[in-house]
Amino acid sequence: MNSEIPRAAKRYEAALADLGIDFHKTRPARLLLDKMGSTPDTIATVATVDRFQRLFGSLNKRLAKIVAKDTEPFA
């Protein structure tokens, strides 16, 4: 990690601290996971789910090609 470019969570934490607001990066993640478990339709629209399915479908196809070639994926 480049020390000149801090992580996004640290930048948010610093910006909110300047406003006198405590920020804990685990709270938004916990809220998102809770909502996904109880009311997933409020988190991801049908269009969003479709885009993710197409994205991961494309990634899986590319990975299958790499595996079939029996080469290093990032060489």
Side-chain angles (χ1 to χ4, degrees):
M1 179 172 78
N2 184 340
S3 62
E4 299 297 316
I5 305 172
R7 296 184 315 246
K10 289 293 183 185
R11 293 193 311 253
Y12 283 111
E13 187 178 299
L16 291 170
D18 289 345
L19 298 172
I21 300 170
D22 286 333
F23 174 76
H24 303 278
K25 67 181 179 182
T26 57
R27 287 181 184 166
R30 187 177 314 124
L31 177 62
L32 176 66
L33 291 174
D34 287 345
K35 284 191 174 209
M36 285 178 67
S38 61
T39 54
D41 55 323
T42 64
I43 300 297
T45 64
V46 172
T48 300
V49 172
D50 180 57
R51 285 193 295 272
F52 272 104
Q53 287 175 336
R54 286 187 284 136
L55 170 66
F56 283 101
S58 177
L59 290 171
N60 284 333
K61 285 179 186 177
R62 290 174 189 236
L63 180 60
K65 286 181 182 179
I66 292 169
V67 170
K69 288 181 183 179
D70 196 30
T71 60
E72 294 293 320
F74 302 104

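For clarity, every value in this text was computed on a predicted model and none was experimentally measured.
Once rounded to the nearest 0.5 Å, the distance linking NZ of Lys25 with CZ of Arg7 reads 5.0 Å. With rounding to the nearest 0.5 Å, the separation of CD in Gln53 from OG1 in Thr48 is 11.0 Å.
At distances below 3.5 Å, at least one donor-acceptor pair connects side-chain atoms of Asn60 with backbone N or O atoms of Phe56. A distance-only check finds no donor-acceptor pair linking the side chain of Thr39 to the backbone of Thr42 [under 3.5 Å].
Between Pro28 and Phe23, the shortest heavy-atom distance links the atoms CG-CE1, 4.0 Å.
Note on Tyr12: it clusters hydrophobically with Leu19, by side-chain heavy-atom contacts below 4.5 Å among ILVMFWY residues. Cluster annotation: Leu59 and Phe52 are assigned to the same hydrophobic cluster (Ile/Leu/Val/Met/Phe/Trp/Tyr, side-chain heavy-atom contacts under 4.5 Å, transitive).
Between Asp34 and Arg30 there is no salt bridge, since no side-chain N of the basic residue sits under 4.0 Å from a carboxylate O of the acidic one.
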Candidate pair Ile43 and Leu32, rule side-chain contact (heavy atoms from CB on, under 4.5 Å), full reasoning: CA-CA 8 Å; Ile43 300 297; Leu32 176 66; 3.7 Å; yes
